[in-house]
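Hydrogens, waters and symmetry mates are skipped; everything else that's a heavy atom, side chains included, is used. Residue indices begin at 1 and follow the sequence shown.
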Amino acid sequence: MKAVTIYTDGACQGNPGPGGWAAILKYGRTRREISGSSPATTNNRMELTAAIEALRALKERCRVDLHTDSTYLQQGMTSWLADWKARGWKTAAKKPVKNRDLWRALDAQAARHDMHWHWVKAHNLHPENERCDELAVAAIEQLRAEIGEAAIARAMRAFRSGDDPNTLFQ
């Protein structure tokens, strides 16, 4: 089984606000950087999206060491997920799990691999974590340039009303 190392990060300008995600995938001497954005989202949604998209990029089952600076992501996958599923996607307080759509997608992608989740301290000069942060922020800036502030404001209104802001741009 191939061993892949992944670093992920999510960013949000405002929370909620326009967001970006990024991942670095490393296999042997091969390194691939991926990133994307959303016009209205939260930092946690971008952290989850980074992991989902990184795992989706893998075309075969691998041993994956995924490094994140998000305790929400790392704890969710290693401590909380099994209990949420057992309770029908409810928290211990019997409330619906936030970001359930993304947790389900991440669970499905992670099930394809032999996963090992690692937490790294953010903004601690870890080269790959810093690079992921740069890529995520750049994705937000590119989004701002492409769609403009008026479109971001419309997306934020849609997000706050419970609609999917991404459908405004499809």
- Item | Transitive ILVMFWY side-chain link Leu106 to Trp89, under 4.5 Å | yes
- Item | Arg104 and Leu102: CA distance, side-chain angles, deciding distance, side chain to side chain contact (heavy atoms under 4.5 Å, CB included) verdict | CA-CA 5 Å; Arg104 282 183 166 171; Leu102 296 178; over 6 Å; no
- Measure the shortest side-chain to side-chain distance between Ile24 and Lys26 over non-hydrogen atoms and say whether it is less than 4.5 angstrom. yes
- Query: Quick one: do Asp65 and Arg63 make a salt bridge, cutoff under 4.0 Å?
  - Reply: yes
- Taking every non-hydrogen atom, the tightest pair across Ala51 and Leu73: CB-CD2, 4.0 Å
- In this structure, CG of Asp69 is separated from SG of Cys132 (nearest 0.5 Å) by 8.5 Å
- Query: Thr68 versus Tyr7: any side-chain heavy-atom pair under 4.5 Å?
  - Reply: no
- Note on the structure: Output for pair (Trp84 CH2, Asp107 CG), nearest 0.5 Å, gives 10.5 Å
- Which of Leu55, Thr5, Leu25 passes side-chain contact (heavy atoms from CB on, under 4.5 Å) with Val64? It is Leu55
- Task: Apply side chain to side chain contact (heavy atoms under 4.5 Å, CB included) to the pair Trp80 and Gln75, showing each step before the final yes or no.
- Result: CA-CA 6 Å; Trp80 308 329; Gln75 290 282 314; 3.5 Å; yes
- Message: To the nearest 0.5 Å, what is the distance between OG1 on Thr8 and CH2 on Trp21?
- Response: 10.5 Å
- Task: Using the rule that two of Ile, Leu, Val, Met, Phe, Trp, Tyr join whenever any of their side-chain heavy atoms come within less than 4.5 Å, decide whether Trp117 and Val97 are in one cluster.
- Result: yes
- Query: Can Glu141 and Gln13 be said to form a side-chain hydrogen bond (donor to acceptor under 3.5 Å, both in side chains), step by step?
  - Reply: CA-CA 10 Å; Glu141 294 307 318; Gln13 294 178 346; 3.0 Å; yes
- Message: Donor-acceptor pair, distance only, cut-off 3.5 Å: does the side chain of Ser161 make one with the backbone of Ala158?
- Response: yes
- Item | Heavy-atom side-chain proximity of Leu66 to Met77 below 4.5 angstrom | no
- Task: Can you spot which of Asn44, Thr42, Thr41, Asn43 makes a side-chain hydrogen bond (donor to acceptor under 3.5 Å, both in side chains) with Asn15?
- Result: Asn43
- Query: Is there a chain of hydrophobic side chains (I, L, V, M, F, W, Y, each step under 4.5 Å between heavy atoms) that links Leu81 to Ile52?
  - Reply: yes
- Query: What is the minimum heavy-atom distance between Cys12 and Gly14, and which atoms define it?
  - Reply: SG-O, 2.9 Å
- Under-4.0 Å salt bridge between Asp101 and Arg45: yes
- Query: Hey, does His67 have a side-chain heavy atom less than 4.5 Å from the side chain of Asn129?
  - Reply: no
- Side-chain heavy atoms of Met1 within contact of Arg61, under 4.5 Å: yes
- Message: For Glu60, is there an ion pair with Arg112 - N to carboxylate O distance below 4.0 angstrom?
- Response: no
- Message: Counting the benzene-type ring for Trp, do Tyr72 and Trp103 have ring centres under 6.0 Å apart?
- Response: yes
- Query: Atom CE in Met115, atom SG in Cys62: separation rounded to 0.5 Å?
  - Reply: 10.0 Å
- Item | Any side-chain heavy-atom pair of Glu33 and Glu128 under 4.5 Å | no
- Item | Minimum-distance pair of heavy atoms, taken over all atoms of Leu143 and Ser37 | CB-OG, 3.6 Å
- First locate atom CZ of Arg32, then atom CD1 of Ile6, and finally report the distance between them rounded to the nearest 0.5 Å. 10.5 Å
- Query: Does Arg131 reach the side chain of Asp133, with side-chain heavy atoms less than 4.5 Å apart?
  - Reply: no
- Query: side chain to side chain contact (heavy atoms under 4.5 Å, CB included) between Ser38 and Met46: does it pass, once the steps are laid out?
  - Reply: CA-CA 8 Å; Ser38 177; Met46 291 292 91; 4.0 Å; yes
- Item | Gap separating the CZ atom of Phe159 from the CE atom of Met156, nearest 0.5 angstrom | 6.5 Å
- Message: Which heavy atom of Leu135 sits nearest to which heavy atom of Ala22, and what is that distance?
- Response: CB-CB, 3.5 Å
- For residues Arg144 and Glu149, determine if any side-chain heavy atom of one lies less than 4.5 Å from a side-chain heavy atom of the other. yes
- Message: For Ala139 versus Gly36, what's the shortest heavy-atom pair and its separation?
- Response: CB-O, 3.2 Å
